[in-house]
> 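Have a look at this one.
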Amino acid sequence: MPELPEVEVVRRGLARWVRGRTITSVDILDPRSIRRHALGPEDFAGNLEHATVLDVVRRGKFLWMPLAMEGTPAHEPGTGVALMAHLGMSGQLLMQDPHVPDEKHLKVRLRLSEADGMPEQLRFVDQRIFGGLFVTSLVPTADGGPGGLAEAPLPEIAGEAAHIARDPLDPHFSFEDFYRKLKSRRTGLKRALLDQGIISGIGNIYADEALWRARLHYARATDTLRRADALRVVEAAREVMSDALAAGGTSFDSLYVNVNGDSGYFARSLDAYGRTGQPCRRCAEAGLAGVIKREQFMNRSSHTCPVCQPRPRNGRW
DNA sequence: AACGCGACCTGCGAGC
DNA sequence: TGCTCGCAGGTCGCGT
C-alpha cells in the first residue's frame with residue numbers, strides 16, 4: 001500500500017499524537033511482525049516499556065521514533081535508540097481508543113501514557129506481514145539527518161535506513177547525486193527509480209506515473225539518459241507524490257492516523273497505473289489513439305502508453 | 001560489485 | 001459451492 005506520500009501522511013499524523021508520550025505496555029499479538037528484532041519479543045517489549053517518544057522521523061519509506069529511555073536524562077548524540085516501523089505492503093499505524101475492538105490483523109499494540117483527549121493506543125495492523133516493527137540504534141550521520149520533512153531532524157539516523165537515498169520531496173535531495181548514480185548504473189530506468197539507494201520513496205505506482213509524465217519507457221538504459229530526461233522524471237515524481245501527499249493530508253483531523261492510500265482519493269488522479277485498456281489521456285487530448293498497456297516487469301506490473309512512451313531500441317532511445 | 005530473482009505472507013476476485 | 005490461479009502499492013538475501 002504505502003509509498004512515500006502515504007508514509008509521510010502517517011508520519012505527520014503520528015507525530016501529533018505520540019510525541020512526548022511514554023509507552024506504558026506492549027502487546028505482541030503476532031511475533032512475525034517483529035521478526036526483524038533479532039533479540040526476540042521480550043527484549044523488544046523490554047526496550048519499549050517506560051520509554052518516551054521524542055519524535056517521528058522518516059527516510060524514504062522507513063519511519064522511526066527516537067526514544068528517550070527511562071533514567072537517561074540527556075540525549076547523547078550517537079547513542080540513541082528508536083522504534084523502527086516499516087509498513088511493507090499492507091501495514092498501518094493506527095491511534096485507537098481502548099474500547100475499539102481489535103482489528104482483524106492487529107499485530108502489535110502499544111499503550112501510551114494518558115494525554116488530554118488523545119487515543120491511548122498505537123496499533124500496528126498488517127495483513128501481509130511484509131512490514132514490521134523493531135528497536136534499533138541510531139548512528140551519527142554527517143548528512144543532515146533523516147529527512148527534511150521532519151520538524152526537528154536529529155543528526156543521526158537508524159542504521160537500517162542509512163543506505164536509503166533521500167526522496168525527491170526532501171529539501172536536501174540532490175539531483176546531482178541522483179544523476180551521478182543513475183549514470184553509473186547499467187540498468188533500466190524503472191529499476192533505478194525503484195532502487196531506494198538511488199532515489200527513495202518511489203514504489204510501483206509512482207514509478208509508472210513519473211515515467212508516464214516524463215514520456216520515458218521503463219526499460220530506457222540509465223547510462224545513456226540525458227540530463228534533461230533525468231530532470232524531467234525526477235520533477236514528475238516530485239509532482240505526482242506531492243499531489244498525492246496533499247490529497248492524503250485531508251484526513252489529518254480524523255481520530256486515527258490514516259494510512260488508507262487505497263481509499264480511492266488519489267487513485268482518480270492516476271494516469272497510467274491501473275488504467276490498463278483505457279485511453280492514454282495525453283494521446284486522447286492530441287487526437288491520438290494510445291491505450292495504456294500492462295506488462296510484466298521485475299515480477300510486477302508496469303503500465304505504459306505505447307504511443308507516447310515507446311520502447312527504446314537496444315535499451316537506448 | 002552489481003544485478004536480478006525468489007522468498008517472505010494473506011486475501012480477494014475471476015474463472016472453471 | 002469450492003477449488004485454483006493470478007494479483008496486490010516492499011525489501012532482503014543469495015546466487016550469478
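Within every chain, numbering begins at 1; the chains are lettered A, B, ... in the order of the sequence lines, protein sequences first and strands thereafter.
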> Counting only side-chain heavy atoms from C-beta out, which of B/dC5, C/dC7, C/dG10 sits nearest to A/Gln296?
C/dC7
> Can you check the distance between B/dG6 and C/dG6, where both ends of the measurement are the P atom (answer in whole Å)?
14 Å
> Does A/Arg282 make a cation-pi contact with A/Trp212 (under 6.0 Å, within 45 degrees of the axis)?
yes
> Does A/Glu8 come within less than 4.0 Å of A/Arg58, counting only side-chain N to carboxylate O?
yes
> Given a 3.5 Å cut-off on both pairing distances, which stems involving DNA chain B, each at least three consecutive Watson-Crick or G-U pairs, are present, if any?
B:2-8 with C:10-16, B:10-16 with C:2-8
> Hey, which sits more toward the 5' end of DNA chain C by its nearest nucleotide, A/Arg294 or A/Phe130?
A/Arg294
> To the nearest Å, how far apart are A/Asp223 CG and B/dC3 P?
10 Å
> Using the rule that Ile, Leu, Val, Met, Phe, Trp and Tyr join whenever any side-chain heavy atoms are under 4.5 Å apart, tell me whether A/Val100 and A/Leu106 fall into a single cluster.
no
> State whether A/Arg186 places a side-chain N or O below 4.0 Å from either non-bridging phosphate oxygen (OP1 or OP2) of B/dA1.
no
> Using a strict threshold of under 4.0 Å (side-chain N to carboxylate O), is an ion pair present between A/Arg281 and A/Asp271?
yes
> Separation of A/Asp126 atom CG from B/dC8 atom P, in whole Å?
16 Å
> Rounded off to whole Å, could you give me the CZ-to-P distance for the A/Arg35 and B/dT10 pair?
10 Å
> With the threshold set at under 4.0 Å for non-hydrogen atoms, list the residues of residues 194-203 of chain A touching DNA chain C in residue-number order.
A/Gln196, A/Gly203
> How many Å lie between CG on A/Asn204 and P on C/dT11, as a whole number?
12 Å
> Is there a side-chain contact between A/Arg185 and the phosphate of B/dC3, meaning an N or O under 4.0 Å from OP1 or OP2?
yes
> Whole Å only: how far is the CD1 atom of A/Ile205 from the C1' atom of C/dG10?
12 Å
> The side chain of A/Lys61 is closest to which nucleotide in this list: C/dA8, C/dT11, B/dT10?
C/dT11
> Checking contacts here: which listed nucleotide (C/dG9, B/dT10, C/dC7) is nearest the side-chain heavy atoms of A/Glu6?
C/dG9
> By side chain to side chain donor-acceptor pair (under 3.5 Å), which residues pair with A/Arg123, not counting sequence neighbours?
A/Glu103, A/Gln121
> Can you identify which nucleotide, out of B/dG4, C/dG9, B/dG11, has its nearest atom closest to the A/Lys104 side chain?
B/dG11
> Identify which one of A/Arg213, A/Arg275, A/His303 satisfies the side chain to side chain contact (heavy atoms under 4.5 Å, CB included) criterion when paired with A/Asp208.
A/His303
> Calculate, to the nearest 0.5 Å, the distance between atoms CD1 and NE2 belonging to A/Ile28 and A/His37 respectively.
8.5 Å
> Considering only C/dA8, B/dC5, B/dC9, which nucleotide approaches the side chain of A/Arg32 most closely?
B/dC9
> Taking only the side-chain nitrogens and oxygens of A/His86, find out if one of them lies under 4.0 Å from OP1 or OP2 of C/dG10.
no
> Could you tell me the separation between the NZ atom of A/Lys190 and the C1' atom of B/dG4, rounded to a whole number of Å?
15 Å
> Are A/Asp229 and A/Arg215 ion-paired here, with the side-chain N under 4.0 Å from a carboxylate O?
no
> Which nucleotide in the set B/dC8, C/dC12, C/dG9 lies at the smallest distance from any side-chain heavy atom of A/Phe62?
C/dC12
> Side-chain contact test, heavy atoms from C-beta onward, threshold under 4.5 Å: evaluate it for A/His86 versus A/Phe134 and give yes or no.
no
> What is the distance, rounded to the nearest whole Å, between atom CE of A/Met84 and atom C1' of C/dT11?
12 Å
> B/dG4 phosphate, OP1 or OP2: any side-chain N/O from A/Thr187 under 4.0 angstrom?
yes
> At less than 4.0 Å, is any side-chain N or O atom of A/Arg128 found next to OP1 or OP2 of C/dG9? Yes or no.
no
> Can you tell me the distance, in whole Å, between the CE atom of A/Met298 and the P atom of C/dC12?
13 Å
> Is A/Asp167 salt-bridged to A/Arg238, cutoff N-O under 4.0 Å?
no
> Between C/dT11, B/dC9, B/dG4, spot the one nearest the side chain of A/Arg36, thanks.
C/dT11
> Strictly below 4.0 Å, N to O, side chains only: are A/Asp223 and A/Arg186 in salt-bridge contact?
yes
> Does the side chain of A/His163 get closer than 4.0 angstrom to OP1 or OP2 of C/dC12 through an N or O atom?
yes
> Of the nucleotides B/dT10, C/dG10, B/dC5, which one has an atom closest to the side chain of A/Asn299?
B/dC5
